[in-house]
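A short write-up of the structure that comes next.
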Amino acid sequence: QVQLQESGPGLVKPSQTLSLTCTVSGGSITDAYFYWSWIRQPPGKGLEWIGYIAYEGSTHFNSDLRSRTSISRDTSKNQFTLQLSSVTPEDTAVYFCARQIKWGVDRTSNYDRWGQGTQVTVSS
């Protein structure tokens, strides 16, 4: 039973870097052939895929966010981390980590395991 849980600060100041960590239990982030993703949902809007780190360590990002996004992992802790730099209030959202198994733009069916989500507010 794979479970994911997000952690990190709920309030970030504009221009700073948002950093969230997803801790995975019940399975390894190196298990083939899964992809470990970050997704967000701004207030009143739909889901937006941010990017993933794959089981072999490769990364891929939403082109709209690529220049500001980094995803890394710590296999010894079974964790992967999102860093989103130069944040603005437009980055306020509920942020989810999830295990991705399929590919399609902004589809919930792309993912078979989700964290519960964590609210991140960008405000001074």
Side-chain angles (χ1 to χ4, degrees):
Q1 184 71 26
V2 173
Q3 295 181 314
L4 297 81
Q5 182 169 314
E6 305 89 347
S7 62
L11 181 64
V12 183
K13 293 182 177 181
S15 81
Q16 294 187 336
T17 296
L18 181 160
S19 183
L20 296 171
T21 294
C22 184
T23 300
V24 178
S25 61
S28 174
I29 60 174
T30 63
D31 285 348
Y33 297 92
F34 296 112
Y35 297 73
W36 304 93
S37 300
W38 287 98
I39 310 98
R40 69 182 184 180
Q41 185 169 32
K45 299 182 179 180
L47 296 172
E48 180 182 34
W49 177 74
I50 299 170
Y52 67 65
I53 185 162
Y55 61 98
E56 20 77 340
S58 65
T59 56
H60 188 61
F61 308 108
N62 184 331
S63 60
D64 294 333
L65 302 170
R66 188 191 316 274
S67 65
R68 300 194 290 131
T69 306
S70 177
I71 299 176
S72 58
R73 67 180 183 173
D74 185 338
T75 57
S76 70
K77 297 180 179 179
N78 216 32
Q79 295 176 330
F80 61 104
T81 296
L82 168 70
Q83 292 185 277
L84 184 67
S85 65
S86 303
V87 298
T88 74
E90 296 298 313
D91 294 309
T92 294
V94 176
Y95 284 75
F96 300 90
C97 57
R99 187 171 72 176
Q100 187 163 353
I101 58 171
K102 295 187 293 185
W103 316 107
V105 177
D106 298 331
R107 295 185 179 274
T108 59
S109 61
N110 290 348
Y111 318 97
D112 70 343
R113 295 288 188 273
W114 293 77
Q116 68 178 29
T118 186
Q119 173 71 43
V120 178
T121 299
V122 179
S123 176
S124 61

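For the single chain, residues carry numbers from 1 onward in sequence order. The model shown is predicted, which means the values in this text are computed figures rather than measured ones.
- Under a hydrophobic clustering in which Ile, Leu, Val, Met, Phe, Trp and Tyr are joined whenever their side-chain heavy atoms come within less than 4.5 Å, directly or via other members, I101 and L47 fall into different clusters.
- Residues G117 and F96 approach most closely at CA-CD2, 3.5 Å, considering heavy atoms.
- Using a 4.5 Å heavy-atom threshold, the side chains of T81 and T21 count as touching.
- Contact check for N110 versus W103: no side-chain heavy atoms found under the 4.5 Å cut-off.
- For the atom pair CZ of F80 and OG1 of T59, the computed distance is 13.0 Å after rounding to the nearest 0.5 Å.
- Atom CD1 of residue I53 and atom SG of residue C97 lie 13.0 Å apart, to the nearest 0.5 angstrom.
- The backbone N or O of G51 lies less than 3.5 Å from no partner atom in the side chain of R66, so there is not a single donor-acceptor pair.
- Linking ILVMFWY side-chain heavy atoms closer than 4.5 Å, directly or via other members, places V94 and I71 in two distinct hydrophobic clusters.
- Panel note: side chain W36, backbone I29; a donor-acceptor pair is recorded below 3.5 Å.
- Considering every non-hydrogen atom in both N78 and G27, the closest pair reads ND2-O, 2.6 Å.
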Report task. Would you please test W114 and I39 for side chain to side chain contact (heavy atoms under 4.5 Å, CB included) and show each step? Result -> CA-CA 10 Å; W114 293 77; I39 310 98; 4.2 Å; yes

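- Residue L65 is grouped with residue V120 when hydrophobic side chains (ILVMFWY) are merged at heavy-atom distances under 4.5 angstrom, including chains of intermediate members.
- At a cut-off of 3.5 Å, with distance as the only test, no side-chain donor of T92 or T121 sits close to an acceptor on the other residue.
- In this structure, L84 CG and F61 CZ are separated by 10.5 Å, a value rounded to the nearest 0.5 Å.
- Between the side chains of E56 and S58, at least one donor N or O lies within less than 3.5 Å of an accepting N or O.
- Q16 CD: more than 12 foreign heavy atoms inside a 6.0 Å radius.
- Between V24 and R99 the shortest side-chain heavy-atom distance does not fall below 4.5 Å.
- Ring centers of Y111 and W49: at least 6.0 Å apart, outside the cut-off.
- Listed here is the closest heavy atom pair of K13 and V122: C-CG1, 4.2 Å.
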**Report entry** side chain to side chain contact (heavy atoms under 4.5 Å, CB included) between E6 and Q116, worked out
**Finding:** CA-CA 7 Å; E6 305 89 347; Q116 68 178 29; 4.1 Å; yes

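- Using modelled atom types and a 3.5 Å distance limit, the side chains of S19 and T17 yield no donor-acceptor pair.
- Contact record, P14 with S124: CD-N, 3.6 Å, taken as the closest heavy-atom pair.
- The number of heavy atoms from other shown groups lying within 6.0 Å of CD (Q119) is above 12.
- Residue G8 comes nearest to L20 through the heavy atom pair CA-CD2, 3.8 Å, listed as atom of the first residue, atom of the second, then distance.
- A donor-acceptor pair is defined here as one N or O able to donate and one able to accept, closer than 3.5 Å; no such pair exists between the side chain of R113 and the backbone of Q3.
- Apart from L11 itself, the hydrophobic cluster it occupies contains nothing, where clustering links Ile, Leu, Val, Met, Phe, Trp and Tyr at side-chain heavy-atom distances under 4.5 Å.
- The aromatic rings of Y52 and H60 are tilted relative to each other, their planes meeting at an angle between 30° and 60°.
- Under the 4.5 Å side-chain heavy-atom criterion for grouping Ile, Leu, Val, Met, Phe, Trp and Tyr, L82 is not connected to Y35 through any hydrophobic cluster.
- Contacts classified as side chain to side chain donor-acceptor pair (under 3.5 Å) and involving residues 37-48 (residues at least two apart or in different chains) are given here: S37-Q100, R40-E48, R40-D91, R40-Y95.
- Side-chain contact between T69 and N62: absent, with no pair of heavy atoms (C-beta onward) separated by less than 4.5 Å.
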